[in-house]
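Below is one structure, written out as structure tokens; comments come after it.
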2 protein chains.
Amino acid sequence: MSVTIYDVAKRAGVGIGTVSRAINNSGSIAPRTKEKVLAVVKELGYRPHASARGLARRRTNTIGVVVPFFTGYFFVELLRGIQGEVSKFQYDLILYNVDETNKKEMILRKVLQERKVDGMLLISLEMTNNEVWELRRSRLPIVLVDSYHPDLDSVTVENRRGAYVATQHLIRQGHSRIGMIDGHLKSSPARVRLEGYKNALRDHDIGFRREYLVISDYVTGEDGFNRKAGYQAMKQLLHLGSNRPTAVFVSSDIQAIGAMKAIEEDGLNVPNDMAIVGFDDIELAQYIGLTTMRQPMFEMGKLAVDRLVECITDVVTNGFKKVFHTSLIVRNTCGALRHQSHNQIT
Amino acid sequence: MSVTIYDVAKRAGVGIGTVSRAINNSGSIAPRTKEKVLAVVKELGYRPHASARGLARRRTNTIGVVVPFFTGYFFVELLRGIQGEVSKFQYDLILYNVDETNKKEMILRKVLQERKVDGMLLISLEMTNNEVWELRRSRLPIVLVDSYHPDLDSVTVENRRGAYVATQHLIRQGHSRIGMIDGHLKSSPARVRLEGYKNALRDHDIGFRREYLVISDYVTGEDGFNRKAGYQAMKQLLHLGSNRPTAVFVSSDIQAIGAMKAIEEDGLNVPNDMAIVGFDDIELAQYIGLTTMRQPMFEMGKLAVDRLVECITDVVTNGFKKVFHTSLIVRNTCGALRHQSHNQIT
DNA sequence: TTGAAAGCGCTAACAG
DNA sequence: CTGTTAGCGCTTTCAA
């Protein structure tokens with residue numbers, strides 16, 4: 001069958017212990033022996049069997065990423081960052097998807113007990129205290145990405161501030177009837193962005209109007225951060241007729257794209273009839289000239305992996321919290337550049 | 001530490017063999033015993049250790065997906081289909097990414113020898129005869145997706161026919177100066193689509209003009225199926241001035257989006273000055289009204305997994321070839337609907 | 001420095 | 001039907 005450590009040992013005329021030491025540069029081993037063994041390893045094309053090694057070493061060199069649904073573009077960018085960094089550390093990556101069938105608790109329990117992974121990245125996942133307690137008890141290294149819990153390491157973004165700045169930007173363009181389209185409030189970024197939006201209104205003495213807030217949860221089981229949800233939400237705002245807002249802060253770019261479709265269908269113009277600011281800065285935002293709050297998704301993924309690997313390999317103390325900044329990217333949909341030339345593709 | 005099969009056995013007052021039989025419903029076991037064991041399993045929250053099981057059983061219940069880069073939107077759709085089906089079969093999914101650092105051969109060898117997965121899906125990966133030979137020798141079940149080799153199972157799409165239909169559609173709109181923007185020719189879909197394009201021209205007595213064909217390989221290391229590449233390629237076509245084509249078949253929607261940006265920047269209009277047909281039907285195609293050839297990405301992923309699992313669990317004969325059909329989705333960028341109303345979001 | 005041997009936790013063959 | 005035992009392939013003491 002496959003070549004094993006015994007084959008290598010026999011061929012090199014040594015014991016299997018020596019082979020193991022050679023390939024792991026562990027213990028002490030004579031340079032000459034090591035060389036000889038490594039030559040045989042290459043000759044036979046030997047590579048340790050992952051399960052055997054995992055069993056003996058209690059480490060799989062695999063990390064798990066748990067994502068709620070395929071949240072789409074945000075997640076893809078993040079995954080890019082994660083994937084690159086993971087493979088840099090010579091780890092493999094298992095993708096766990098939570099949805100209606102695979103409930104979060106089930107997956108977490110499964111992952112914790114099977115010990116198929118050495119650590120986990122939980123993406124945009126709201127954790128209850130109970131769940132956190134279980135996680136900590138299992139001693140499996142965990143890093144939260146795009147969500148927060150005081151007792152776990154996390155990599156997040158300044159959602160409150162970001163939403164605040166976005167809203168403020170709209171206010172500064174002279175708007176006072178400013179709506180918001182948000183994702184489902186079970187998502188904590190969605191909740192926090194709503195706060196930021198409200199704070200900005202309050203600080204500028206603009207009253208919050210319930211009818212100007214639309215929470216997208218159009219499709220059950222999803223988080224509302226998708227194009228259709230944005231489309232539906234904007235339709236709802238447009239039904240307000242002449243009372244409609246003149247500007248809307250949309251909680252994700254992909255929803256903003258849907259929203260703009262709705263506006264266009266109504267024969268209205270962005271930004272003249274309705275100004276829009278999104279959130280995320282996905283690749284397409286640039287293309288369609290969407291003003292948005294950039295979050296450094298790629299870097300977030302990368303950093304989360306760095307931290308996770310650190311937790312796995314070193315003994316570290318808990319309490320890592322990294323909060324990335326968002327930045328306002330002004331393009332055409334907010335009206336600020338109304339009389340300037342279009343931006344270039346870079 | 002973690003609860004093992006011994007803990008369960010002791011608590012239930014049986015041997016470990018019995019526990020194993022109970023949780024695997026293998027061998028024969030008295031209903032009462034089984035019940036008792038299962039109760040203890042639940043009580044203790046026992047779950048077999050993946051590595052130990054993998055070692056003993058020689059099966060990991062994991063499948064690997066190898067993708068070249070993150071080919072973007074096409075891949076995301078595919079992954080959706082794959083992920084859903086994989087978890088339906090109770091498998092986990094390891095994502096391997098091939099890029100400059102992680103060369104294809106390295107990854108394949110690694111995967112074949114580590115035996116971390118029970119089977120592999122290779123996405124859009126061109127395989128040499130040599131590689132195929134090694135794959136077959138390893139006896140690891142493999143299914144090719146979006147690429148083809150006579151000696152391996154594969155799930156593909158009618159690229160030639162698709163490109164033919166797209167081009168023909170443009171011809172039928174009255175165009176005779178028809179260009180093509182293609183991905184890098186190391187990608188077999190790119191090559192085959194080029195053939196389809198040429199065939200359509202030939203069958204309609206239109207000469208192939210070298211200057212109307214632009215191969216995007218703008219960014220090294222990528223396959224050209226991205227927005228910037230499409231943008232650059234269209235720029236190049238527009239440099240032809242009044243000799244430029246009046247219609248272009250673009251090999252992927254995401255390139256088409258870039259191409260349309262270039263057209264717009266030149267102050268030209270789609271479809272009046274330049275008609276466009278794309279390929280893929282990614283989610284955004286609908287939004288921007290892009291006429292395109294739809295390929296059933298989700299279904300392709302699903303079917304590939306079905307077949308792979310079949311290969312893993314049953315003894316099957318080689319030679320599975322599924323070719324999905326493409327279908328022309330007429331929207332606004334080809335000019336066919338010039339005088340009709342816009343399409344709706346569905 | 002190195003070989004031999006004892007597990008790692010589980011499955012599966014083998015007695016009973 | 002069920003307990004015992006021999007591996008699965010590797011890492012890691014423990015002597016030598």
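Order of the sequence lines fixes the chain letters, A, B, ..., with proteins taken first and strands second; residue numbering starts at 1 for each chain. It should be emphasised that the depicted structure is a prediction, and the values quoted were computed from it without experimental measurement. Hydrogens, waters and symmetry mates play no part in the numbers below; they use all other heavy atoms, side chains included.
- Taking only side-chain nitrogens and oxygens, Tyr6(A) never comes nearer than 4.0 Å to OP1 or OP2 of dT11(D).
- Between the Lys116(B) side chain and the Thr60(A) main chain, a donor and an acceptor come within less than 3.5 Å of each other.
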Counting only pairs under 3.5 Å, give me each side-chain donor-acceptor contact of residues 46-53 of chain A, with atom names and distances, residues two or more places apart or in other chains.
{"from": "His49(A)", "atom 1": "ND1", "to": "Ser51(A)", "atom 2": "N", "distance (Å)": "3.2"}
{"from": "His49(A)", "atom 1": "ND1", "to": "Ala52(A)", "atom 2": "N", "distance (Å)": "3.3"}
{"from": "Arg53(A)", "atom 1": "NH2", "to": "Asn24(A)", "atom 2": "OD1", "distance (Å)": "2.7"}

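- A straight line from CG of Leu44(B) to C1' of dG9(C) spans 15 Å, rounded to a whole angstrom.
- One interatomic measurement links the two molecules: CZ of Arg115(A) to C1' of dC8(C), which rounds to 14 Å at whole-angstrom precision.
- Rounded to whole Å, atom C1' of dG9(D) lies 7 Å from atom OH of Tyr46(A).
- In this entry the distance linking CD1 of Ile5(B) with C1' of dT4(D) reads 13 Å, nearest Å.
- If you find the closest nucleotide of DNA chain D to Pro31(B) and to Arg53(A), the one lying nearer the 5' end belongs to Pro31(B).
- Glu310(B) meets the side chain to side chain contact (heavy atoms under 4.5 Å, CB included) test with Arg307(B), Asp314(B), Val316(B); sequence neighbours excluded.
- Defining each end axis of the helix from dT1(C)-dA16(D) to dG16(C)-dC1(D) as the rotation carrying four pairs' C1' atoms onto the next four, with five pairs an end, the two axes are found to diverge by 50° to 10 degrees.
- Summarising the geometry, the separation between NZ on Lys10(B) and P on dC10(C) is reported as 14 Å, rounded to the nearest angstrom.
- Remark: P of dC10(C) and CZ of Arg47(B) are 13 Å apart, rounded to the nearest angstrom.
- With Tyr6(B) as the aromatic partner, Lys10(B) does not meet the cation-pi criteria of under 6.0 angstrom to the ring centre and within 45 degrees of the ring axis.
- Considering only residues two or more places apart in sequence or on other chains, Glu299(A) meets the side-chain hydrogen bond (donor to acceptor under 3.5 Å, both in side chains) condition with none of them.
- Distances from the side chain of His49(A) to the nucleotides dC10(D), dC10(C), dC8(C) place dC10(D) closest.
- The side-chain hydrogen bond (donor to acceptor under 3.5 Å, both in side chains) contacts involving residues 132-146 of chain B comprise Arg109(B)-Glu134(B), Ser124(B)-Asp146(B), where partners must be two or more places apart or lie in separate chains.
- Comparing dT2(C), dT2(D), dG9(D) against the side chain of Leu55(A) picks out dG9(D) as the nearest.
- Ranking dT2(D), dC10(C), dG7(C) by closeness to the Ala30(B) side chain, first place goes to dT2(D).
- In this structure, the side chain of Lys321(A) engages the main chain of His149(A) through a donor-acceptor pair within 3.5 Å.
- Between Arg59(A) and dT11(D), a side-chain N or O to OP1/OP2 separation shorter than 4.0 Å is absent.
- Of the residues in residues 15-26 of chain B, those lying under 4.0 Å from DNA chain C by heavy-atom distance are Ile16(B), Gly17(B), Ser20(B), Arg21(B), Asn24(B).
- For the pair Thr33(A) and dT2(C), the criterion of a side-chain N or O lying under 4.0 Å from OP1 or OP2 is met.
- Partners of Glu131(A) under the side chain to side chain contact (heavy atoms under 4.5 Å, CB included) rule, at least two apart in sequence or in another chain, are Lys104(A), Glu105(A), Met127(A), Thr128(A).
- The side chain to side chain contact (heavy atoms under 4.5 Å, CB included) check on Arg11(A) picks up Val40(A), Glu43(A), Leu44(A), with sequence neighbours excluded.
- Residue contacts shown for Ser51(A) are absent, as no nucleic acid heavy atom lies under 4.0 Å away.
- Regarding contacts with the backbone of dC1(D), every side-chain N or O of Arg32(B) stays at 4.0 angstrom or more from both OP1 and OP2.
- Ser28(B) comes within contact range of at least one nucleobase, with a heavy-atom separation under 4.0 Å.
- Rounded to whole Å, the distance from CD on Glu114(A) to P on dG9(C) is 15 Å.
- Scored by the side chain to side chain contact (heavy atoms under 4.5 Å, CB included) test, Thr101(B) finds Asp99(B) as partners (sequence neighbours excluded).
- Atom CG in Asp7(A) sits roughly 14 Å away from atom C1' in dC8(D) (whole-Å rounding).
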